[in-house]
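When a ligand or atom number is given, it counts from 1 through the structure's own listing order. The first residue in the sequence is number 1, and the count goes up from there. Quantities reported herein were computed from a predicted structural model and do not represent experimental measurements. The analysis underlying the following values was restricted to heavy atoms, covering all of them including side chains, and did not include hydrogens, waters or symmetry mates.
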Amino acid sequence: MIATMHVPFVDLRAQHAPISRDIDQAIRAVVDRGDFILGAAVERFEAEFAAFIGTRHAIGVGTGFDAIELALRAFGVGPGDEVVTAANTFIATVMAILAVGARPVLADMDPVTYAIDPAALAAAITPRTRAVIPVHLFGQPVDLEAVVSVARRHNLVVIEDAAQAHGARYNGRRAGSFGHAAAFSFYPSKNLGALGDGGMITTDDERAAAALRLLRNYGQRAKYHHAVPGTNSRLDTLQAAVLSVKLPHLDGWNAARREHADAYAARLGGRVRTPVAAAGREHIYHLYVIETEARDALQQRLRARQVDTGIHYPVPVHLQEACVSLGYKAGDFPATEAAAARMLSLPMFAELSDEQIEYVSGAIDSIP
Ligand SMILES: Cc1ncc(COP(=O)(O)O)c(C=O)c1O
């Protein structure tokens, strides 16, 4: 009988321990300077993040949700427009579309990669469609070539939802550098996470970047001179300072996640369905999602063995109470619905140990 070991779903304390002195110093420097709103640390991190993703601009905002909403607004998407996105996304993508007054139109996923199915995307386009939001779900880029080519054909704005894909590459280029703009979240458990909320928009578009800098700060062009109606959604300066400390570690953390994914797959392959990374797409395993018929029983057994797991997401967007007005019903997105009943997310973070992976895999093996 193996001793019980608690395996957390993510372990942010383990991530922060080796860099805690750098984080403390970065916070101290902001406190000493006293430039708490859009200060030097925000400018610095924006430049670093743009260079990392490979875009000309990066604009720090309050959350990943705001990043999507403001990117849509910067490209003029609003009431009367339709925006196509994935049926199998986190609710934020759809709520950001609703927030600008546009209509979310959903498309089903490819059951192998969980990425939006380019054929379903094309079929969802109508004369009212203005934009598409592909979501790099779980950390694997969507088929960007196919999505961008459909969008070009129909003259659509592409806003990548890269909230789960910091650093992932598609054919060698970072996700977040393909669309007209991309939205990132720095929610603490993301692959690059702040110590609170945070978000970023990346873009090569000069005009959109300028518009976004106004929109996030009450439309303010000069102190108390407001050019357009805006909002208050600025990346917090302390968070930007912390994110600058973390960014140089991100590729290493992502590489560690990929190694852990390989280790899980080697242990679990055949027993349950393990994630598939498509050719040319570098998966950064924000979430490590397996599939099995007996998902609920497996989750309960793992809980009994003190292994924390998650379900991303148990109820697809189109079946959420908040989205009844979209007019969808059960059966509309069969691949999304089938996966929702079968998916289970296992513990995944850079500092996961071999022993922890072995313990989780062993607990799954032992299930009849
Ligand atoms: C796919 C996706 N889109 C958008 C968001 C929204 O980000 P935030 O929580 O920072 O608003 C998240 C994360 O929460 C996400 O996973």
Do [X] and [Y] have side-chain atoms, one donor and one acceptor, less than 3.5 Å apart?
| X | Y | result |
| --- | --- | --- |
| Thr336 | Asp108 | yes |
| Gln306 | Thr4 | no |
| Asn171 | Arg173 | no |

Carboxylate-amine/guanidinium proximity below 4.0 Å for Arg216 and Glu46:
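The answer is yes: the pair qualifies as a salt bridge.
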
Tabulate distances under 3.5 Å between N/O atoms of ligand 1 and N/O atoms of the protein, writing both atom names on each line.
{"from": "ligand 1", "atom 1": "3 (N)", "to": "Asp161", "atom 2": "OD1", "distance (Å)": "3.3"}
{"from": "ligand 1", "atom 1": "3 (N)", "to": "Asp161", "atom 2": "OD2", "distance (Å)": "2.8"}
{"from": "ligand 1", "atom 1": "7 (O)", "to": "Ser185", "atom 2": "OG", "distance (Å)": "3.4"}
{"from": "ligand 1", "atom 1": "10 (O)", "to": "Gly64", "atom 2": "N", "distance (Å)": "2.8"}
{"from": "ligand 1", "atom 1": "10 (O)", "to": "Ser185", "atom 2": "OG", "distance (Å)": "2.7"}
{"from": "ligand 1", "atom 1": "11 (O)", "to": "Gly64", "atom 2": "N", "distance (Å)": "3.3"}
{"from": "ligand 1", "atom 1": "11 (O)", "to": "Phe65", "atom 2": "N", "distance (Å)": "2.9"}
{"from": "ligand 1", "atom 1": "14 (O)", "to": "Lys190", "atom 2": "NZ", "distance (Å)": "3.3"}
{"from": "ligand 1", "atom 1": "16 (O)", "to": "Gln164", "atom 2": "NE2", "distance (Å)": "2.8"}
{"from": "ligand 1", "atom 1": "16 (O)", "to": "Lys190", "atom 2": "NZ", "distance (Å)": "3.2"}

Take a 6.0 Å sphere around CZ of Arg33 and say whether it holds more than 12 heavy atoms from other residues, nucleotides or ligands.
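Check passes, neighbour count above 12.
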
Take a 6.0 Å sphere around CZ of Phe52 and say whether it holds more than 12 heavy atoms from other residues, nucleotides or ligands.
yes

